[in-house]
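Report on the structure given below.
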Amino acid sequence: MARPDATSRRRHAELVAAIDAADAAYYLADAPHLADAAYDALRRDLEQLEAAHPELITPESPTQRVGARGAREATILGEVQHERPMLSLSNAFSPEEVEAFAASAAKALGGREPSLVAELKIDGLAISLRYERGRLVQAATRGDGVTGEEVTANVRTITAIPAELSAPINCEVRGEVYMPKAAFAALNAAREEEGLDLYANPRNSAAGSLRQKDPAITASRRLAFFAYQLFEEPQPAQQSAALLRLRELGLPTEVHAEGGLSGTSAAAFLARWESERHTLDYETDGAVLKVDAVADQEKIGYVSRSPKWAIAYKFPPEQATTRLERIVVEVGRTGYLTPVAEMTPVLLAGSTIRRATLHNIDEIRRKDVRVGDWVILQKAGDVIPEVVRGIPERREAALVPFEMPAICPSCAGPVVRDEVRHRCPNRWCPAQLFEGLRHAVGRGALDLEGIGEKLLAQLVARGTVKRIGDLYRLRAEDLDGLDRMGSVATNAKRSGDANRIVNVLNEVQRRRERELWRVLVALGIRHVGEATAKDLAEELVRRVPPTGGADWGRHVAANLRAASVEELTAVPGIGPIVAASIVAFFADAETSGILDDLLEAPGFTLLPPTQRGSASGPLLGEVVVVTGSITGHTREAIHDAIRSAGGAVADSVTAKVTLLVAGEKAGSKLAAAERLGIPVIDAATLFARIGGASGG
Ligand code: IVH
């Protein structure tokens, strides 16, 4: 076989870089920038090049990794035998137990007190990383300590874990994959929106996120990592040296670790972090004390599956006591009734707690909490407040056990029970309509900024808005006299922002053209959030190529309605549960009608996904507003042309806008652009710049 020449090497490097960048955008940013066909072509080229020059193949060549685009559904979690068992630690729950640990270590060393390292114990899940010649080749979970699960493709999506070390060494690194508190809060907020069960704490969500079959899901979860153990030849002589070496290799370690500690100074470390831990953006449930010198560790030895040279000290969970004032029952978007505890406000681990979900009636019974009770509160995984239990000993009078209402607190219709949860089956129930519409107008869906919660509540209560399409049919009369809207008559005398009614209508007007994925999210199909909606939209565009006309929406709707579970499951990113939920949504005439009704709303236009092959082009970096009429072209067609030339399209003239295209009868936007000094061009100049046809 011929040795690869310089050109082949360069081409290989370019292809690898381009595919890596596309994968990173696809998995890490959830924002693909390369069309599938272009991506496939790159991979084909790379495969051909490597077939001709196998010497060019490296372990991290995209051809060698699982979880590449398209193959992601096929990834299954295999088993890995750990080279050395992954041990666990004995726990200490009190300062006395920590003292006993230090004393027994000293005894094993003939009375000499060893130097200790204290590390915060991150609450995530343990992972083993194998590097060969500096390259990450395998990642595995702890499993039972002997056999773990192979999670390499998922771990490759964690940006904190380097694919390549700073030195070409063979080693095994162990550490903790965790989910930062902020990422956890965002994930649960998104899951709540989608009607999915919430993760109880960042630990569970980190574990759930890492054990996904689809690396794209792991990538979207924003996991992080701290390394705390290194096996390398020669082995560093101290744990403190291993931590430094890990950092030198490019692996993150927790920065608050301290070395050179005695039993007494280690106790001070624990006491300090017990209160300061809430200031960190990650969960710590304790601290690990380790004997620093490896020679000392060997002398101290092991008991069964734990080292005697280390101990995990567990912080006690912070608790607070307060009074349960009320249990209110909330009706969610999907009709489930959730009992929520309203309590006398109390400070707990850094925040004031007033409310906590009680989940369902069985939980209320199990915890024996009654309205009027004193209750113990704790933060689950130190984030979400939860009622641990009532304190029946402190009951001053007989209190009645709570019962779930037999009728819906919103629509007064009968409530049914689905296993542990109660549900209002009336899909026209105002609470469900309101929650569904609130979801639909939200930022991650139609993004109708002008429709605030207060306004929406009034529109739903009056019966003006029942389905999403109704929002696009709002007239000034519908808003007349609503709270904060003013009346049509008095508003007529006001101008600009003071005319709230006109503002709201304009706001909706500006958002009549909506991308397909936004509409799919807005429909409120169970399990269909932004990522699934984008996958589905991409598939629909493949099946029904956009025409630019209003008919396209109807064809898309027809196609969706006809899709079977099998066809949907074939779409990357859509599993059987999601597919079944989509089919059920469109099989039901009432829910399915929500889409038809929206497509018929006056002026509403469904846009195909923004052209993704537009990471280059003559308008790259430009933010363009089109105003006035341009003969022979629809507004959407011009927007599409701008997007395919690499530009972004904006609705209104703001400081971010870099170019205004003025057609005939351009009005206030032209004036605004001139005021802001934004360059203004006409349609002919635009077409000349993007090299497209100008004919009308
Ligand atoms: S050392 C033989 N260090 O706690 C020593 N563990 O029960 C093995 N953990 O499975 C672990 N932070 O998941 C060590 N700085 C740290 C740690 C840590 C978190 C976890 C790890 C382990 C468990 C021990």
Side-chain angles (χ1 to χ4, degrees), residues 80 82-93 97-98 101 105 114 116-129 139-149 151 155 158 160-161 172-180 201-211 223-231 235-236 238-247 251-259 261 266 269-270 273 277 280 282-294 296-315 381-382:
V80 168
H82 293 299
E83 221 170 287
R84 4 182 138 56
M86 286 182 81
L87 303 177
S88 56
L89 296 172
S90 329
N91 290 321
F93 295 96
E97 287 171 299
V98 172
F101 157 76
L116 300 174
V117 175
E119 296 165 15
L120 289 177
K121 185 170 181 295
I122 306 309
D123 203 10
L125 85 160
I127 196 100
S128 151
L129 307 171
T141 63
R142 179 173 185 278
D144 62 6
V146 178
T147 310
E149 276 176 316
V151 287
V155 161
I158 302 175
I161 298 181
E172 183 189 345
V173 173
R174 289 179 182 173
E176 203 83 355
V177 167
Y178 68 94
M179 183 174 282
N201 54 53
R203 210 206 88 75
N204 290 357
S205 64
S209 303
L210 198 62
R211 298 183 60 262
L223 296 173
F225 175 76
F226 284 131
Y228 51 67
Q229 221 172 2
L230 171 67
F231 299 98
Q235 183 70 19
Q238 296 91 17
Q239 169 65 9
S240 49
L243 291 176
L244 290 176
R245 173 73 174 148
L246 284 165
R247 265 201 236 188
L251 287 148
T253 62
E254 208 286 321
V255 293
H256 301 100
E258 281 180 25
L261 301 179
F269 177 94
L270 301 179
W273 281 103
R277 63 189 167 125
L280 302 174
Y282 36 86
E283 216 40 67
T284 68
D285 57 346
V288 183
L289 300 182
K290 299 175 182 175
V291 168
D292 197 20
V294 174
D296 286 350
Q297 293 178 1
E298 276 157 16
K299 281 186 208 132
I300 298 167
Y302 297 80
V303 267
S304 68
R305 313 209 53 76
S306 328
K308 283 203 285 179
W309 48 262
I311 196 157
Y313 172 74
K314 294 286 185 90
F315 295 131
D382 273 325

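Start at 1 with the first residue, then count along the sequence. Note: hydrogens, waters and symmetry copies are ignored here, and every other heavy atom, side chains too, is used. Atoms within each ligand, like the ligands themselves, are counted from 1 in listed order.
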Item to check | Tyr282/Phe226 aromatic ring centres below 6.0 Å | outcome: yes
Checklist entry - Can you list the ligand 1 atoms lying under 4.0 Å from a non-hydrogen atom of Ile122? => result 12 (N), 19 (C)
What protein heavy atom lies closest to [atom]? Include the residue and the distance to one decimal.
atom                    : value
atom 15 (N) of ligand 1 : Glu119 OE1, 2.7 Å
atom 7 (O) of ligand 1  : Leu89 N, 3.3 Å
atom 10 (O) of ligand 1 : Ala126 CB, 3.9 Å
atom 22 (C) of ligand 1 : Tyr228 OH, 3.9 Å
atom 8 (C) of ligand 1  : Leu87 O, 4.0 Å

Checklist outcome for this item: Closest to atom 1 (S) of ligand 1 by heavy-atom distance, out of Lys121, Lys290, Arg174, is Lys290
Checklist entry - Taking the inter-plane angle between the rings of Phe269 and Trp273 on a 0 to 90° scale, is it parallel (under 30°), tilted (30 to 60°) or perpendicular (over 60°)? => result tilted
Checklist entry - Hey, is Val288 touching ligand 1 through its side chain, its backbone, both or neither, going by heavy atoms under 4.0 Å? => result side chain
Checklist entry - Between the main-chain N or O of Ala140 and the side-chain N or O of Ser128, is there a donor-acceptor pair closer than 3.5 Å? => result no
Checklist entry - Would you find a donor on one side and an acceptor on the other, under 3.5 Å apart, between the side chain of Glu298 and the backbone of Ala293? => result no
Checklist entry - Can you tell me if Glu119 and Gln239 form a side-chain donor-acceptor pair at under 3.5 Å? => result yes
Next on the checklist: If only side-chain N and O atoms count, and only distance matters, is there a donor-acceptor pair under 3.5 Å linking Tyr178 with Glu283?
Outcome noted: no
Next on the checklist: Nearest 0.5 Å, please: how far is CG in Leu289 from CG in Leu116?
Outcome noted: 6.0 Å
Checklist entry - Would you say Glu176 has any N or O atom under 3.5 Å from an N or O of ligand 1, going by distance alone? => result yes
Item to check | Within-shell test, Pro307 vs ligand 1, heavy atom, strictly < 4.0 Å | outcome: yes
